[in-house]
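Below you'll find the structure, written out as C-alpha cells, and then a few comments.
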Amino acid sequence: ETAPTGISPLSLPDPLPISWDPCCHPAAALSSGNRVAPTDSPVAVDTSQSWEQPADPKIQETVSHLAAAAGCGWTRDRLRWSDLEPTRGNYAAPRSTVYDIATSAAAAAGIKVLEVFHSTPGWALDPSTDAIDGVQSSGGSMPRDLGEAFTFTKWLAQRFAGKVHAYEPWNEGNIPM
C-alpha cells in the first residue's frame, strides 16, 4: 500500500512488529511508496533502533523502510561501547550484534547513520576518579585514557565502513557521559 505525498494517516498492522508509540512518533510520507531514502533528503529521524528494537532483521528492516518512506536520509542511533568491546581488546564478532543488523538495514534502505556513543565500559574508567560517594560509576565518565576511545573508534570506523557515516562521541556533552 502506498501513501500519497504529504502528511497522511499511517496504516500499520495490528499488533505492530516493532515498538511504536504514534503519539510520540508521528509519520508522514514524503514520497509515494519509497522503500529507499532519497539521497538528497534534508530529513533525519532519531530512531534509536539498536536500543528500541530487537536484533531481528525483519523488524530492523521495517524500521528502516518506515524512515525511508517518510523521506529520511539520516537516522540517529545509539551504541554502548561495552556491548562491542566488553573487555579491553575483546571485540564482538562480526555481524553478531543488533548494531550490525540495524546498520545493515539502514544501508539497504539508503539511509545514512549517525551513531552516538553511550557509556564508557568499566574497564576503561579510573576507579579513583570515576566514583560517586565511593560507588563506581556505571560508565558516566570519559575514559581515563583517551587513547582507549581512539582505538575503539578506529575499530568502529573499520567495522562499520560504508554503513555508519558519522559518529557522535559524547551524547549531550553538557551532562556526564
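Owing to the predicted nature of the structure, the values given are computational and were not obtained by experimental measurement. Numbering starts at 1 and runs along the sequence shown.
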same_hphob_cluster(Y167, W51) at 4.5 Å side-chain heavy-atom cutoff: yes

Just jot down the side-chain contact (heavy atoms from CB on, under 4.5 Å) partners of P86, sequence neighbours excluded, or say none. N90

Can you list every ring pair (Phe, Tyr, Trp, His ring centres under 6.0 Å) pair that touches residues 84-114, not counting sequence neighbours? Y91-W155

Atom OG1 of T75 and atom NE2 of H165: how far apart are they, to the nearest 0.5 Å? 10.0 Å

Output for pair (E115 CD, E168 CD), nearest 0.5 Å, gives 10.5 Å

Would V116 and L79 count as a side chain to side chain contact (heavy atoms under 4.5 Å, CB included) if you check the C-alpha gap in whole Å, the side-chain angles of each, and the deciding distance to 0.1 Å? CA-CA 6 Å; V116 182; L79 67 82; over 6 Å; no

Are the side chain of W123 and the backbone N or O of E85 linked by a donor-acceptor pair below 3.5 Å? yes

Given side chain to side chain contact (heavy atoms under 4.5 Å, CB included), test S104 with K163 step by step and report yes or no. CA-CA 7 Å; S104 292; K163 294 181 181 176; 2.8 Å; yes

Nearest heavy-atom pair of I111 and A68: which atoms, and what distance? CD1-N, 3.8 Å

Do you know which two heavy atoms are closest between P143 and A149, and how far apart they sit? CG-CB, 3.9 Å

Rounded to the nearest 0.5 Å, what separation is found between the SG atom of C72 and the NZ atom of K112? 13.5 Å

Can you tell me how far the CD1 atom of I101 sits from the CG atom of D56, to the nearest 0.5 Å? 7.5 Å

Once rounded to the nearest 0.5 Å, what's the spacing between atom CZ of F117 and atom CG of L156? 5.0 Å

Can you tell me how far CG of L114 sits from CG of D46, rounded to the nearest 0.5 angstrom? 8.5 Å

With no hydrogens and no angle check, is any side-chain donor or acceptor of E148 less than 3.5 Å from a backbone partner on F152? no

Do you see a donor-acceptor pair shorter than 3.5 Å between the side chains of S50 and R78? no

Heavy-atom nearest pair, A124 first then T120, reads CB-CG2, 3.7 Å

Exercise: identify the closest heavy-atom pair between A93 and D100: O-OD2, 4.3 Å

Checking side-chain hydrogen bond (donor to acceptor under 3.5 Å, both in side chains) between Q60 and each of Q53, H65, Q49, which is the one that passes? Q49

Please name all residues satisfying salt bridge (charged side-chain N to carboxylate O under 4.0 Å, His left out) with D77, sequence neighbours left out, ordered by chain then number. none

Taking every heavy atom of A102 against every heavy atom of S64, the minimum-distance pair comes out as O-OG, 4.4 Å

Which heavy atom of V113 sits nearest to which heavy atom of A106, and what is that distance? CG2-CB, 3.6 Å

